[in-house]
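Treat the numbers as computed from the prediction; the structure is a model and nothing was measured. A note on names: the letters A, B, ... follow the listed sequences, proteins ahead of strands, and every chain is numbered from 1.
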There are 2 protein chains.
Amino acid sequence: MAGTRLDPIDRKILAELQADGRMTNVELAKRVGISAPPCLRRVRTLEEAGYIKGYHADVDARELGFEVQVFAMVGLQSQAEADLSAFEEQCRNWPLVRECHMLNGEVDFVLKCVAPDLSSFQSFLTSELLTTDNVGSVKTSLVIRGAKDEPGVPFDVLEERLSQSD
Amino acid sequence: MAGTRLDPIDRKILAELQADGRMTNVELAKRVGISAPPCLRRVRTLEEAGYIKGYHADVDARELGFEVQVFAMVGLQSQAEADLSAFEEQCRNWPLVRECHMLNGEVDFVLKCVAPDLSSFQSFLTSELLTTDNVGSVKTSLVIRGAKDEPGVPFDVLEERLSQSD
DNA sequence: AGTGAAAGTACAGCTGA
DNA sequence: TCAGCTGTACTTTCACT
């Protein structure tokens with residue numbers, strides 16, 4: 001099972017840094033119950049092993065003038081691998097598209113988009129997304145309000161599972 | 001317009017910290033072109049003003065044993081405000097639900113969920129989500145693969161808009 | 001600029017295969 | 001015995017006034 005290579009201290013480090021990524025190393029060390037140098041070594045190891053992919057400030061999109069958030073469900077005409085990849089590459093080049101996930105089921109992709117206002121999203125939709133080769137159907141849904149937006153994974157669920165598999 | 005109270009240096013700070021939230025203050029100061037002390041003051045101000053809501057390590061869910069990511073589209077039977085709020089509160093209490101957004105259109109909510117494997121998601125779906133009061137329809141879509149997953153907002157779009165509104 | 005704290009390094013001791 | 005991890009001591013760099 002994945003995650004087995006990590007001991008409880010490593011998992012605690014990840015949980016703490018997920019909750020506060022700018023915590024100092026000494027504070028982190030205190031919380032996980034070891035001294036600072038080995039704690040720092042563990043963090044570096046976790047970074048190099050890819051368990052930590054990066055650190056990001058969580059900025060307030062609305063305050064910065066991105067008032068609109070939209071989910072777009074996209075269906076393609078051809079689902080050949082080359083066409084799927086081409087669409088994914090296109091998404092990476094659209095700054096308003098923040099996330100793009102390929103799905104099973106009726107729809108091929110879900111896109112999470114941000115935009116300064118409705119009209120700028122509409123112009124993205126009509127003159128970019130809908131005019132892209134191979135794009136069949138697009139259904140968009142405005143986010144009325146956000147109810148929950150937690151980053152990463154629930155470490156308490158992970159600990160629960162690991163303690164059961166003893 | 002929102003974002004106007006920030007000068008170009010503030011926006012640069014936000015962009016840099018969004019890209020690397022664990023950067024030291026001196027490195028940040030160097031990149032935005034001012035000396036360290038005023039840079040730190042700006043960061044504190046941005047934090048207190050809510051432009052920066054937090055800092056998070058971006059952990060690899062798969063490596064940690066969360067192999068499955070699912071989008072769930074949820075329709076409620078009653079859309080009265082009290083019922084909407086009750087469902088949102090329920091979502092906050094489900095650790096597998098990482099995001100919950102209220103949408104316009106046919107569907108009331110989109111949920112982004114993670115789970116260790118398909119069977120644990122199924123048991124969440126059937127014994128938690130589907131048995132919740134007032135939940136009408138639920139359509140789930142497995143994420144086959146992720147194509148893009150960028151945090152936050154596109155600062156280049158913001159700069160473009162601001163330079164046009166001169 | 002200056003002080004106090006944290007990051008990072010070197011080395012020695014402990015622990016378990 | 002040896003590998004791996006830990007903690008102490010020390011230097012450099014950073015945070016903060």
Between [X] and [Y], does at least one N-O distance fall below 4.0 Å, as a salt bridge requires?
X: R31(B); Y: D20(B); answer: no
X: R44(B); Y: E48(B); answer: no
X: E106(B); Y: K139(A); answer: yes

Establish, with yes or no, whether the OP1 or OP2 oxygen of [N] is under 4.0 angstrom from a side-chain nitrogen or oxygen of [X].
X: R42(A); N: dC5(D); value: no
X: N25(B); N: dC14(D); value: no
X: R41(A); N: dG4(D); value: no

Selected nucleotide, minimal atom distance to [X] side chain, candidates [options]:
X: L40(A); options: dA15(D), dA7(C), dT6(D); answer: dA7(C)
X: T24(B); options: dA7(C), dT6(D), dA15(D); answer: dA15(D)
X: V26(B); options: dA6(C), dC14(D), dA9(D); answer: dC14(D)
X: P37(B); options: dA1(C), dA9(D), dA15(D); answer: dA1(C)

Task: Residue closer to the 5' end of DNA chain D, R22(A) versus A36(A) (nearest nucleotide) - done: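 Upstream on the strand: A36(A).
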Distance, rounded to the nearest Å, where [X] contributes [atom1] and [N] contributes [atom2]:
X: E47(B); N: dA15(D); atom1: CD; atom2: P; result: 12 Å
X: R44(A); N: dT9(C); atom1: CZ; atom2: P; result: 8 Å
X: I34(B); N: dC16(D); atom1: CD1; atom2: P; result: 15 Å
X: L28(B); N: dA15(D); atom1: CG; atom2: P; result: 9 Å

Open item on the list: Looking only at the side chains, is there a donor atom on one of Y55(A) and Q18(B) sitting less than 3.5 Å from an acceptor on the other?
Closed with: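 Their side chains do not contain a donor-acceptor pair, so the 3.5 Å distance test is not met.
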